[in-house]
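Have a look at the structure below, then the notes.
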Amino acid sequence: DAIQITWPHEIKMMIKKHGFKASSIKSLKELDPEKHIALVLVYTNLTNYHWVVFPVDNPEHYYGEDTKVHKIYLLEKVN
């Protein structure tokens with residue numbers, strides 16, 4: 001299963017490759033669904049990790065009540 005994981009450094013490389021900047025933030029509360037797009041790495045245990053898109057997905061409840069947020073990258077288009 002570890003082969004299927006996209007590591008944070010790989011995600012950051014792809015974000016940059018496609019003309020975006022990724023800023024780490026600490027809390028989903030810093031995000032405004034009307035203004036922000038973010039990639040959020042959520043998990044429930046050592047084998048269930050998944051990247052979701054805020055505000056399209058609901059990162060806080062992706063796996064139900066046991067969902068935990070590991071990383072949040074706020075995306076911004078680079079001119």
With a cut-off of 3.5 Å and sequence neighbours excluded, list every side-chain donor-acceptor pair involving residues 38-45.
from, atom 1, to, atom 2, distance (Å)
T44, OG1, N48, ND2, 3.2
N45, OD1, T47, N, 2.8
N45, OD1, T47, OG1, 2.9
N45, OD1, N48, N, 3.2

Original post:
Looking at K71 and P8, what are the two nearest heavy atoms and their distance?
Top reply: CE-CG, 3.9 Å
Nearest 0.5 Å, please: how far is [atom2] in [Y] from [atom1] in [X]?
| X | Y | atom1 | atom2 | value |
| --- | --- | --- | --- | --- |
| W51 | E10 | CH2 | CD | 10.0 Å |
| I72 | E30 | CD1 | CD | 7.0 Å |
| Y49 | K68 | OH | NZ | 9.0 Å |

Subject >> Over 12 foreign heavy atoms within 6.0 Å of NZ, K35 >> reply: no
Cut-off 3.5 Å, no hydrogens considered: what does the side-chain donor-acceptor table look like for residues 54-66, sequence neighbours left out?
from, atom 1, to, atom 2, distance (Å)
D57, OD2, V53, N, 2.9
N58, OD1, E60, N, 3.4
Y62, OH, H50, NE2, 3.3

Original post:
Under a 4.5 Å side-chain heavy-atom rule over Ile, Leu, Val, Met, Phe, Trp and Tyr, are V52 and Y73 clustered together?
Top reply: no
Original post:
Side-chain heavy atoms under 4.5 angstrom apart, residues restricted to Ile, Leu, Val, Met, Phe, Trp, Tyr: same cluster for L74 and I11?
Top reply: no
Tell me which donor-acceptor pairs under 3.5 Å the side chains of residues 22-29 have, and how far apart each pair is, sequence neighbours excluded?
from, atom 1, to, atom 2, distance (Å)
S23, OG, E76, OE2, 3.4
S27, OG, K29, N, 3.0

Subject >> Qualifying residues under side-chain contact (heavy atoms from CB on, under 4.5 Å), relative to M14, sequence neighbours excluded >> reply: K17, H18
